[in-house]
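Labels below follow one simple rule: chain letters A, B, ... track the order of the sequence lines, proteins then strands, and each chain is numbered from 1. Being a predicted model, the structure only gives us computed values, none of them experimental. Worth knowing before you read on, the calculation uses all heavy atoms, side chains too, and leaves out hydrogens, waters and symmetry mates.
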Number of protein chains: 2
Amino acid sequence: MQADHTRSRRWFLGLGAMWSAAIVACRSKTPPSAGPRVLGSPVSPYGSRSSFEKATRYFDQNTKVPLEEAASFTPLHDTYGIITPSSLHFERHHAGVPEIDSTIHTLTIHGLVDRPLEFTVDELKRLPSRSRIHFLECSGNGRGEWNGGSTESQVQRIHGLTSCSEWTGVPLSMLLRECAVQPRATWVLAEGADACKLTRSIPMKKALDDAMIVYAQNGEPLRPEQGYPLRLLVPGWEGNANVKWLRRLKVLDQAAMTREETSKYTDLMPDGTARQFTFDMEPKSLITRPSGGDTLPGPGIHEVSGIAWSGRGTIARVEITVDGGATWTPAELQMPVLPIAHTRFRWSWKWDGREARLASRCTDDTGYTQPPLAELIKIRGANSNYHNNAIQVWKVAADGKLTNGNRA
Amino acid sequence: MQADHTRSRRWFLGLGAMWSAAIVACRSKTPPSAGPRVLGSPVSPYGSRSSFEKATRYFDQNTKVPLEEAASFTPLHDTYGIITPSSLHFERHHAGVPEIDSTIHTLTIHGLVDRPLEFTVDELKRLPSRSRIHFLECSGNGRGEWNGGSTESQVQRIHGLTSCSEWTGVPLSMLLRECAVQPRATWVLAEGADACKLTRSIPMKKALDDAMIVYAQNGEPLRPEQGYPLRLLVPGWEGNANVKWLRRLKVLDQAAMTREETSKYTDLMPDGTARQFTFDMEPKSLITRPSGGDTLPGPGIHEVSGIAWSGRGTIARVEITVDGGATWTPAELQMPVLPIAHTRFRWSWKWDGREARLASRCTDDTGYTQPPLAELIKIRGANSNYHNNAIQVWKVAADGKLTNGNRA
């Protein structure tokens with residue numbers, strides 16, 4: 001890690017000259033504020049954010065869909081680093097957020113096992129634990145762009161169904177082993193304790209690989225919207241498969257073909273067939289600052305920042321274009337770059353004040369590079385609601401205004 | 001990182017046999033809860049934790065010290081992973097938490113510079129940024145143990161003045177360079193905007209090395225208790241030097257000798273002299289679970305977990321003793337192990353049901369190993385209030401009760 005520090009220092013030294021004029025221009029003309037002369041607030045049991053901060057999750061309040069069966073979007077343009085504040089983690093509920101007492105809730109593992117087991121939350125917390133920093137993304141994230149670009153302009157509204165947290169829990173493999181899974185078992189059905197009993201089938205291979213039963217998020221117990229007190233975590237797989245309020249795992253010899261893997265969460269192809277069980281969230285990146293809705297104050301130097309992630313591994317490279325993809329320049333990746341986690345990237349852009357088409361694309365350590373939207377549509381058609389990982393273009397107008405540039 | 005994942009998997013496979021009986025014993029006798037049959041809560045703009053969760057920062061409500069000039073302690077026994085929830089980050093205020101409007105607040109850099117500059121928060125946010133996961137620890141953390149062990153039993157009350165966050169901001173070196181610091185400048189005086197205008201002198205070498213002006217914490221703007229809207233971050237240095245509500249940096253040719261570096265935050269030695277400007281937080285580790293106040297349910301296998309950190313670099317090794325330091329066994333470190341950050345360690349302990357003296361000690365990548373309390377006192381005496389990084393011993397009684405084992 002020392003080497004990364006050194007590299008980062010060199011990077012900033014190199015930037016110095018470029019940014020010099022911009023920094024010196026910061027000199028403001030008003031006298032500095034002296035600050036308060038009275039005592040502030042006392043220490044407190046559990047803190048909250050400043051009343052001056054207003055960033056919120058976005059959701060459509062004027063829809064006919066009940067808000068218990070809705071999604072809310074992380075303000076990606078207003079977040080920093082790689083950890084998403086738990087209060088701003090995106091939501092997607094199918095029957096609202098149940099209020100569960102963790103002292104009563106249990107997880108049962110049954111089905112094709114010789115020894116069914118049932119765990120209380122406290123029992124799970126006493127077992128060997130692990131922590132992982134992983135993103136979660138709804139596979140419907142960016143669904144409005146499939147038809148060649150939507151009229152939405154803000155990164156939050158277009159792509160805010162991705163967030164990244166430090167999760168803590170137990171490896172599912174350890175629990176399954178003690179249940180003595182029978183040889184013909186190939187799938188696990190995960191069921192939530194919400195009113196709709198949301199269910200998803202997970203291949204046994206994934207369950208035994210890196211799946212976890214998590215009870216903590218960003219250092220404290222899971223938030224209710226994220227499955228309190230227990231959630232299945234299948235790293236790198238579409239959000240819906242990470243079943244919240246987990247109450248039951250039934251071991252099966254085939255997929256259960258639940259609503260969430262037949263009528264929903266399948267990708268309709270041009271020939272009328274559907275891709276099913278498309279769990280992997282493929283490499284994707286977004287420039288979040290500046291992004292749609294922002295206005296550059298004028299020509300000159302600007303920081304371009306965003307996030308990249310891959311459900312299949314680690315981000316190896318992020319590149320930036322300002323000419324809609326004709327030429328690309330590498331961005332700087334913020335250490336630590338972790339597998340299956342948001343990776344923050346940054347790049348200094350000297351804008352000449354002319355129209356531009358600004359975008360990022362990422363490549364992961366499997367060698368896969370994020371495709372342009374037109375290429376993705378060429379293969380997958382425009383019928384899908386899911387798995388849009390195409391490059392997001394921001395159109396920069398001569399007056400500095402950024403808008404969604406996906407519609408050519 | 002793939003290698004780390006693989007290693008971790010092997011570790012859990014190896015643990016399997018050891019934990020088998022404990023997991024199978026988890027089988028509970030009650031029928032599983034069916035969960036609610038009514039819709040839960042709708043999506044919401046900004047989430048909060050479950051009403052069933054009660055962990056809070058601790059502070060003494062019966063003291064004569066006003067709660068505006070007090071400390072509150074992170075519930076380390078109730079946190080997970082390496083990120084401390086911002087709402088539970090420890091506090092130490094000298095004049096309470098000021099309520100500052102970030103659109104009015106500015107940072108001025110002046111003194112021995114050719115070009116004094118003043119920055120608004122928005123101007124700083126537009127400059128090249130960086131994010132770092134770093135711990136902050138009050139140098140008074142564990143002060144009650146200097147006299148050979150206190151009567152406090154809980155890890156939160158003894159050592160809860162340490163927390164770890166992802167911080168985002170700008171490198172101070174970049175700002176200082178543009179101010180054209182004069183050749184004889186050797187120190188920078190940092191001043192907060194709280195009512196007492198807390199001030200600390202920082203050597204120019206540190207200011208130009210890795211110091212940052214941070215505006216974000218764990219993905220959102222700094223919390224008010226952590227300096228909203230701007231804080232000086234001097235990675236690895238005692239908490240007090242990381243001046244909150246930062247409003248002014250004055251470049252000097254000597255230390256300012258403020259109250260916080262003369263009558264406070266100096267370490268009184270046995271001969272009556274004081275160590276001054278002892279900025280580094282030396283390697284330290286704590287077993288947080290189980291810890292004082294916990295009771296082991298009985299002999300058998302138990303997870304032992306805790307945190308280790310070093311202000312000088314990266315944790316290289318954590319070892320565990322159950323016999324008060326006669327023998328040591330290596331613990332598993334949770335990846336990623338980051339410089340100047342909390343590092344989570346874990347170890348599986350097969351307790352035989354007899355009295356034990358449980359403790360951890362860490363070694364950082366400079367080769368320094370955390371000392372026993374008696375050794376630290378031999379060198380430093382027992383007069384200091386600051387910089388206790390000694391090994392914390394938990395005494396385990398035959399009935400499973402854990403208490404503070406520092407008093408021999």
Side-chain angles (χ1 to χ4, degrees), chain A residues 1 12 15 23 26-28 32-33 35-36 39-43 45-47 50 52-53 56-57 59 67-68 70 72 79-81 83-85 87 91 95-98 102 104 106 108 117-119 123 128 131 166 168 171 178 193 195 216 218-221 223-225 228 303 334 336 339, chain B residues 1 12 15 23-24 26-28 32-33 35-36 39-43 45-47 50 52-53 56-57 59 67-68 70 72 79-81 83-85 87 91 95-98 104 106 108 117-119 123 128 131 166 168 171 178 193 195 216 218-221 223-225 228 303 334 336 339:
Chain A
M1 277 302 166
F12 278 112
L15 273 182
I23 296 174
C26 287
R27 177 164 25 185
S28 107
S33 62
L39 285 181
S41 305
V43 292
Y46 191 81
S50 164
F52 291 101
E53 290 301 324
T56 54
R57 296 187 284 223
F59 51 93
L67 291 180
E68 292 85 1
S72 72
T79 59
Y80 307 87
I83 297 292
T84 307
S87 295
E91 300 169 278
V97 183
S102 64
I104 293 170
T106 61
T108 299
L117 289 176
E118 188 191 0
F119 300 91
E123 283 168 343
S131 299
E166 185 188 31
T168 299
E178 294 312 319
N218 294 338
E220 62 185 345
R223 288 299 182 83
E225 308 97 290
Y228 179 87
E303 184 176 62
Q334 173 71 71
Chain B
M1 278 303 167
F12 277 112
L15 273 181
I23 295 174
V24 172
C26 285
R27 177 164 23 185
S28 106
S33 63
L39 285 181
S41 305
V43 292
Y46 191 80
S50 164
F52 291 101
E53 291 301 323
T56 53
R57 297 187 283 222
F59 51 92
L67 291 179
E68 293 86 1
S72 73
T79 59
Y80 307 87
I83 297 292
T84 307
S87 295
E91 302 169 277
V97 182
I104 293 170
T106 61
T108 300
L117 289 176
E118 188 192 359
F119 301 90
E123 283 169 341
S131 298
E166 185 188 31
T168 299
E178 294 313 318
N218 295 338
E220 62 185 344
R223 287 300 181 85
E225 309 97 291
Y228 180 86
E303 184 176 64
Q334 172 72 70

Turns out that what part of A/Thr168 lies under 4.5 Å from chain B's heavy atoms comes down to side chain
Please flag which part of [X] lies under 4.5 Å from any non-hydrogen atom of chain A: side chain, backbone, both or neither.
X: B/Ser72; answer: both
X: B/Glu166; answer: side chain
X: B/Phe59; answer: side chain

Close side-chain approach of A/Asn218 to B/Asn218, heavy-atom, < 4.5 Å: no
If we only count heavy atoms from C-beta on, is the B/Leu117 to B/Thr108 side-chain gap below 4.5 Å? no
Max heavy-atom pair count under 4.5 Å with chain A, selected residue of B/Thr84, B/Thr79, B/Val97, B/Thr56: B/Val97
I'd like to verify something: which residue of B/Ala195, B/Pro45, B/Gly96 has the highest number of heavy-atom pairs under 4.5 Å with chain A? B/Pro45
B/Glu68 to A/Gly40 - nearest heavy-atom pair and separation: CG-O, 3.3 Å
Any donor-acceptor N/O pair, A/Glu178 side chain to B/Val24 backbone, under 3.5 Å: no
Without hydrogens or angle criteria, can the side chains of B/Arg223 and B/Ser87 be said to hold a donor-acceptor pair below 3.5 Å? yes
Any idea which of A/Leu67, A/Val43, A/Ile83 has the most non-hydrogen atom pairs under 4.5 angstrom with chain B? A/Val43
Residues in side-chain contact (heavy atoms from CB on, under 4.5 Å) contact with A/Pro221, at least two apart in sequence or another chain: A/Tyr228, B/Glu53, B/Tyr80
